[in-house]
Amino acid sequence: MKLCSARPLVQLLYPKLRIAMSTLATGTFQNSLPLNYRGGSRVQPIDSVGEEKAYEPSTGRVITTFTNSGEKEVNEAIQSAKAAFKIWSQKSGMERGRVLLETARIIRERSEALATMETINNGKSIFEARVDIEISWQTLEYYAGLAGSMAGQHVQLSGGSFGYTRREPLGVCVGIGAWNYPFQIACWKAGPALACGNAMVYKPSPFTPITVVLLAEIFKEAGGPPGLFNVVQGGATTGEFLCKHPDVAKISFTGSVPTGSKIMDMAARGIKPVTLELGGKSPLIIFSDSDLENAVNGAMMANFLTQGQVCCNGTRVFVQRDILEKFTEAVVKKVNKIKIGDPLLEGTRMGPLINRPQLEKVFGFIKGAKEQGAKILTGGDPYIPQDPKLKGGFFMYPCVLGNCADDMTCVKEEIFGPVMSILPFDTEEEVLQRANNSNYGLAGGVFSRDLQRAHRVVAALQAGMCFINNYNVSPVELPFGGYKMSGFGRENGQVAIEYYSQLKTVCVEMGNVESVF
Ligand SMILES: NC(=O)c1ccc[n+]([C@@H]2O[C@H](COP(=O)([O-])OP(=O)(O)OC[C@H]3O[C@@H](n4cnc5c(N)ncnc54)[C@H](O)[C@@H]3O)[C@@H](O)[C@H]2O)c1
Ligand SMILES: C[N+](C)(C)CCCC=O
């Protein structure tokens, strides 16, 4: 990235330039704008439940301090969404689609600036952030296309009577997101929600408050009514105000299993529909007839994107015993070549983890793995960058663990860091039983040249998102979501429409009423 181009990027993102920042280079960004958004403007919350700091993970610097929204502020945001819902829900699908298309166009036009900001706040490499932004505008384009074609059914009944169904929006939908894909998760929720005619109040993770506000501004600029997409900042308490609010029609949550369970509990009290996109500990099964180079590349994609902080990662890598040595050697060689460092530099493929506690948590898993008998084949130590401005960053060397067993903590629990566990297996039957022996069921993958076997294996995997001979690709056309404790409901694909709309049946009598009384 040419840092001399930073100033135009700033101007593109903040045309009124009320923000106190000089460039978008690593170590320089400082936010001073309000981070809540409602009624079509950035606002300071009217009440608060404490303050929060957000960091630049590559330097450890605080880039913004903000107020966690209190109950009154949450209510204001919901009322703002309710007002927009009245207007938006009356528009035709084509009209809504046009706003979504324009939003997608603006995101595409600003993708470099948005990706840069995502990298600064999240720590993922600029290379990956660009992909996230691309997936984001594609999501909005996809649901713009579906908005105009949503329709009910007409059903002929006897005697000329008939019935029809109407697909109607739910109302104000709440989105609560995780920090690993801040902009993309918001678009995965807003795309289908708004296409169906709903309005949204979104709460990002307090670790990554910045880019979702830019999304809110773009929806408005694209012609969305004020209040269509609102942002409240805060943590658990703010999230609870949202989930418990009586005017909220639906909650779509992305995050951990323990929080998902609380969300479901709160939703149950209000009989609100809920979508839960939760964690995972997914299996990747590599048979000895695989194309070895593809299998190794697949394992890399399954484990090291976004510093390993990916819900659907295939972190339990089952390798058929006769290729174990060759596979392990090739994987370790590749892992050792991953370029770690300043995530805004073009060549970097691994940036810092999200924050210090997450880094320490990952080190804790690695220590525990060693104590339980796993062998560190590479990595697992802190990475100390040469660049002085990165000294306070949350970096580590990506890690491969060998000599793993199914009952080790590192194999059973979601680590959410760059740690791959390799597990040998002998037969298809055995590996399927072991792969499914988990409370999670988000994703799974298989590498084999035998396509009959590959299909047989994925059919038996207890996972919502399966890959054959690839891993972690995510076309917006395909539904994404989990089995078992990884959640329920789906994002992406046509099916997401069902999770943001309700069906009304109308029965029309063309004859006389035949009363039984
Ligand atoms: N399945 C998916 O699509 C998907 C995608 C990304 C991340 N994840 C999962 O998310 C987890 C990591 O994200 P995280 O650490 O941000 O998760 P988290 O559960 O700690 O937080 C997620 C969100 O919930 C909010 N929250 C926390 N407590 C709450 C409460 N009591 N009521 C309402 N909201 C509350 C947080 O502020 C945050 O916005 C991992 O387990 C990962 O696998 C899943
Ligand atoms: C785009 N990926 C890589 C499939 C990640 C989806 C979101 C999960 O954390």
Side-chain angles (χ1 to χ4, degrees), residues 49 52 68-69 74 122 124 128-129 131-136 138-139 174-189 202-209 212 231-245 248 251-267 274-282 301-315 353-355 357-358 361 413-417 440-443 445 463-465 467 470-476 478-483 485-492:
V49 280
E52 199 77 50
N68 292 323
S69 303
V74 164
N122 169 276
K124 67 176 71 191
E128 275 193 54
V131 177
D132 292 4
I133 301 300
E134 191 177 333
I135 292 175
S136 301
Q138 285 176 356
T139 304
V174 159
I176 297 180
W179 43 262
N180 57 344
Y181 286 83
F183 198 85
Q184 187 185 291
I185 291 175
C187 289
W188 280 17
K189 296 186 191 307
Y202 192 85
K203 192 196 82 58
S205 163
F207 303 155
T208 49
V212 76
V231 179
V232 289
Q233 302 287 351
T237 310
T238 306
E240 289 180 14
F241 292 141
L242 282 168
C243 296
K244 289 176 179 164
H245 199 289
V248 166
I251 304 162
S252 176
F253 172 74
T254 298
S256 63
V257 172
T259 311
S261 167
K262 287 184 199 156
I263 301 270
M264 196 169 159
D265 190 35
M266 289 184 275
V274 59
T275 296
L276 297 178
E277 294 287 358
L278 308 179
K281 189 74 195 180
S282 301
M301 289 294 287
N303 279 272
F304 298 117
L305 290 174
T306 306
Q307 294 72 251
Q309 303 161 129
V310 180
C311 52
C312 45
N313 269 359
T315 46
L353 274 68
I354 188 71
N355 53 32
Q358 185 67 18
K361 191 175 146 198
E413 290 184 19
E414 184 183 48
I415 298 177
F416 227 53
Y440 292 113
L442 187 53
M465 179 78 233
F467 301 93
N470 206 341
Y471 207 97
N472 264 343
V473 286
S474 56
V476 59
L478 297 183
F480 181 90
Y483 281 15
M485 287 184 84
S486 293
F488 51 77
R490 291 291 177 270
E491 295 193 311
N492 295 346

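Numbering of ligands and ligand atoms starts at 1, following listing order.
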So is [X] touching ligand 1 or not, going by heavy atoms under 4.0 Å?
X    : answer
F253 : yes
E491 : no
G482 : no

Does E277 have a heavy atom less than 4.0 Å from any atom of ligand 2? no
Between [X] and ligand 2, which residue portion shows a heavy-atom distance shorter than 4.0 Å: side chain, backbone, both, or neither?
X    : answer
F416 : neither
A178 : neither
N180 : side chain

What's the spacing between I176 CD1 and T238 OG1 if we round to 0.5 Å?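 OG1 of T238 is found 9.5 Å from CD1 of I176.
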Working to the nearest 0.5 angstrom, can you tell me the gap between Y202 OH and I185 CD1?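 If I round to the nearest 0.5 Å, the distance is 5.5 Å.
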Are the side chain of K281 and the backbone N or O of E413 linked by a donor-acceptor pair below 3.5 Å? yes
Does any N or O of ligand 2 fall below 3.5 Å from an N or O anywhere on C311, backbone included?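 There is such a contact, yes.
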For atom 1 (C) of ligand 2, which protein heavy atom lies nearest, and how many Å away is it?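 Protein heavy atom at minimum distance: S474 OG, 3.3 Å.
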What is the nearest protein non-hydrogen atom to atom 15 (O) of ligand 1, stated with its residue, atom name and distance?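 Going by distance alone, atom 15 (O) of ligand 1 is nearest to W179 NE1, 3.0 Å.
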Please compare G255, S474, S256, P204 and report which has the shortest non-hydrogen distance to atom 19 (O) of ligand 1.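 When every heavy atom of G255, S474, S256, P204 is considered, S256 comes closest to atom 19 (O) of ligand 1.
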Using the test salt bridge (Lys or Arg N to Asp or Glu O under 4.0 Å), find all partners of K189 that sit at least two apart in sequence or belong to another chain. E491
